[in-house]
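Some notes on the structure that comes next.
Computed from a prediction, not measured in an experiment: that's the story for all the values here. Both counts, for ligands and for their atoms, begin at 1 and track the order of listing.
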Amino acid sequence: MNGPLLKVENLTKHYPLGAGFLNKTTPVVRAVENLSFSVEAGETLCIVGESGCGKSTVARLLMRLMDPTGGRVLIDETDIASLKKHALRAFRRRMQMVFQDPFSSLNPRLTAGQIITEPVENFERLSRKQRQALAADLLRKVGMAPEMMHRFPSEMSGGQRQRLGIARALALEPSLIIADEAVSALDVSVQAQILNLLMDLQEQMGIAFVFISHDLGVVEHIGHRVAVMYLGRIVELATREALFATPVHPYTEALIAAAPVPDPTRVRLEAPVEGEVPSPVNPPTGCAFHPRCPLAVERCRIDIPSLTPMSDGRLVACHVRAPAAGVNAQPVVAANSSLAVR
Ligand code: SF4
């Protein structure tokens, strides 16, 4: 099959907040606005941003756990919204999810073996011997002893539970795994083991990942490309190398500057960006980052910047750093200024 495995076109999700007493208009949460991106087979696209930026809503939309307000999600050119119940169920074999909190996503009354084989048994009948062989094989794949199939989740450590969650996701041999903050509840050393496991599995099985995280260290470790989200929109999409070496969008620069710096030779940037992420119920006009952006010009308060291709292939939505062709916006401070979110 030619073309990307996953293609997202103008994906939008607005939630009504419920009509208040005497209110004539219902407030709307603009969780995701006009997102477009693609993921190739065997690739890891990371989606990164502060909490409340809409990245977990994107995960649910990709899995069709909720319907979008607008836009499309295509897997191998098939729009998943066009699939009826039976076809959608069959299609879901190809897409699996790994959650942040493995404990609450695993049935505490089932053993590890039952948890792993349950998704397969929704599609085909397995003999006892087949179930045991499948569970043992998948436990081995995620670095656990086959004997663990008789344990319950409550008898496992956090890292073992997350490995079990990955084994369950692998059971249906998916082409794409959506991992939503999949390592953020784990200790740093266990995080590294799980990330390395996912990278090994990708190499062996050619699985693509959409890896959603607020942690830039994790993203730098695992991502091939990175999409930075701010208040429901992608503001920069670049290869991992380009993004971390030379961030272009002022928000990307601020995020990287604010992240812990394990490398003592890397200089931390200083000037802070003040303030909180605005509410998605009442987002700022124009560029949503303008109230916090020291580079803002008048146009930023009026026009929403569109994602514009740069000479190195990355996409950036910024009137100053990536002006659309024919537009000449002058920054109010020097373009090489340094920023950090506080
Ligand atoms: Fe947004 Fe303007 Fe700042 Fe660019 S310069 S990030 S468009 S506020």
For the atom pair CZ (R321) and SG (C293), what is the distance rounded to the nearest 0.5 Å?
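If we round to the nearest 0.5 Å, R321:CZ and C293:SG are 8.0 Å apart.
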
From L315 atom CG to D312 atom CG, the distance as rounded to the nearest 0.5 Å
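Reported to 0.5 Å precision, the distance equals 9.5 Å.
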
Counting from 1, what ligand 1 atoms have a heavy atom of [X] closer than 4.0 Å?
| X | result |
| --- | --- |
| C293 | 3 (Fe), 5 (S), 6 (S), 8 (S) |
| H290 | 8 (S) |
| L295 | 5 (S) |
| V320 | 5 (S) |
| P250 | 6 (S) |
| H319 | 4 (Fe), 7 (S) |
| H249 | 6 (S) |

Under a 4.5 Å cut-off applied to non-hydrogen side-chain atoms, are R163 and I194 in contact?
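In contact.
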
Got a sec: is C300 within less than 2.8 Å of atom 2 (Fe) of ligand 1 via an N/O/S atom?
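Yes, within the cut-off.
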
With a 4.0 Å cut-off on N to O distance, would you call R109 and E118 a salt bridge?
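Looking at E118 together with R109, the answer is no, because their closest N to O distance does not fall below 4.0 Å.
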
So, does R161 use its side chain to make a donor-acceptor pair with the main chain of P153 at under 3.5 Å?
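Yes: the side chain of R161 pairs with the backbone of P153.
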
Distance-only side-chain donor-acceptor flag, R314 / T246, under 3.5 Å:
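Per modelled atom types, R314 and T246 side chains form a pair under 3.5 Å.
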
Using 2.8 Å as the threshold, say whether any N, O or S atom from C318 sits that close to atom 3 (Fe) of ligand 1.
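So C318 does not bind atom 3 (Fe) of ligand 1 by this criterion.
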
What protein heavy atom is closest to atom 1 (Fe) of ligand 1, reported as residue, atom name and distance in Å?
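So the nearest neighbour among protein heavy atoms is C287 SG, 2.3 Å.
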
Partner of E43 under side-chain hydrogen bond (donor to acceptor under 3.5 Å, both in side chains), picked from R225, Q202, H224, is R225

